Amino acid sequence: MASSAQPPADEQVLERFKPTTGLFIGWAGMAVAAFALAYVAIDVHTVVGLRIGLGALFVMALVWATQLRPRVTAYTSDLRLWGSLRDVRVPYVAIDQVTLGQTLNVFVGERRFVCIGIGKSLAADVKQRAKKASQGSLLGKSRLRELSEKADLAGLDQTAMDYQTFVVTRIEELVDRAKRQRKQTGDTSEVPPVRRPYAVPEIVALGATGLAFVVSLFV
């Protein structure tokens, strides 16, 4: 008998992609805010200490939401792009393209959904764009396409790849598999819609700590 605690089939996690941006700033911000909170809790038992403590709690909630929460999780039937205050759940069969720049971009038709938690640094992105532009100016389009395809094939033969490339490759595999299964089973039902659930705990935390800090200014 299956365990009653087991999540539904479409909610089972296939892959949790770790964030590649915001971690250093995020954890550094959390550490500073936690230090301030601990300091006032131990040594500053005044109204000013209360304000600093509430401000530190608000900063911790803000840093979590903007720097540490954004990430990507692959479930059985859809891809979840975790945002600061709102997520995006995109069915694999609805995804048309996945690209990576400073953010991870998932395209459904002309709509683009973004996850800021996975991406290249600004310097790396600019360098890559400049390299592609220079190659395009020196080579004909057909020749450039041929070299690009060879480079992609060579990359697949390597045992190691950068993590951002792995994320894109893995998502594309899941999208391709979902579309092939849909075709093989002859499923002609309407493609499930993109869902955009709110990050309720983060919204509540930001609202509560922000309101408490503002109220403390009038105490």
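Quick caveat: nothing in here was measured; it's all calculated off a predicted structure.
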To the nearest 0.5 Å, what is the distance between OG1 (Thr20) and CG (Leu100)?
->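 Thr20 OG1 to Leu100 CG: 7.5 Å, rounded to 0.5 Å.
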Distance in Å, Thr165 OG1 paired with Arg170 CZ, rounded so as to fall on 0.5 Å steps =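 Atom-to-atom, Thr165:OG1 and Arg170:CZ are 15.5 Å apart.
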Look at Lys120 together with Asp162 and state whether they make a salt bridge at an N to O cut-off of under 4.0 Å.
->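 Answer for the salt bridge query: no.
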Carboxylate-amine/guanidinium contact Arg69 Asp87, below 4.0 Å =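 Between Asp87 and Arg69 there is a salt bridge, with a charged N closer than 4.0 Å to a carboxylate O.
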Is the side chain of Ser216 donor-acceptor paired with the backbone N or O of Arg51 at a distance under 3.5 Å, no angle test?
->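 Side chain of Ser216 to backbone of Arg51, a donor-acceptor pair under 3.5 Å: no, none is there.
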Mind checking whether Arg89 and Pro197 have side chains closer than 4.5 Å, heavy atoms only?
->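 SC-SC contact between Arg89 and Pro197 confirmed.
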Decide yes or no for Tyr75 and Glu15: does some side-chain heavy atom of the first lie under 4.5 Å from some side-chain heavy atom of the second?
->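 Not touching, per the 4.5 Å side-chain cut-off.
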For Glu172, which residues count as a salt bridge (charged side-chain N to carboxylate O under 4.0 Å, His left out) partner, sequence neighbours excluded?
->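 Counting only residues at least two positions away or on another chain, Glu172 forms no salt bridge (charged side-chain N to carboxylate O under 4.0 Å, His left out).
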Heavy-atom closest contact (Val108 atom, Asp96 atom, distance) |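 Nearest pair, atom of Val108 first, then Asp96: C-OD2, 3.5 Å.
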Partners of Pro19 by side chain to side chain contact (heavy atoms under 4.5 Å, CB included), sequence neighbours excluded?
->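 Side chain to side chain contact (heavy atoms under 4.5 Å, CB included) list for Pro19, sorted by chain: Leu23, Arg71.
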Indicate every side-chain donor-acceptor pair of residues 58-68 with a distance under 3.5 Å to a residue at least two apart or in another chain.
| residue | atom | partner | partner atom | Å |
| --- | --- | --- | --- | --- |
| Trp64 | NE1 | Glu202 | OE2 | 2.9 |
| Thr66 | OG1 | Leu62 | O | 2.8 |

Could you tell me whether the side chains of Asp187 and Ser189 share a donor-acceptor contact shorter than 3.5 Å?
->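 A pair is found: one side chain offers a donor N or O, the other an acceptor, under 3.5 Å apart.
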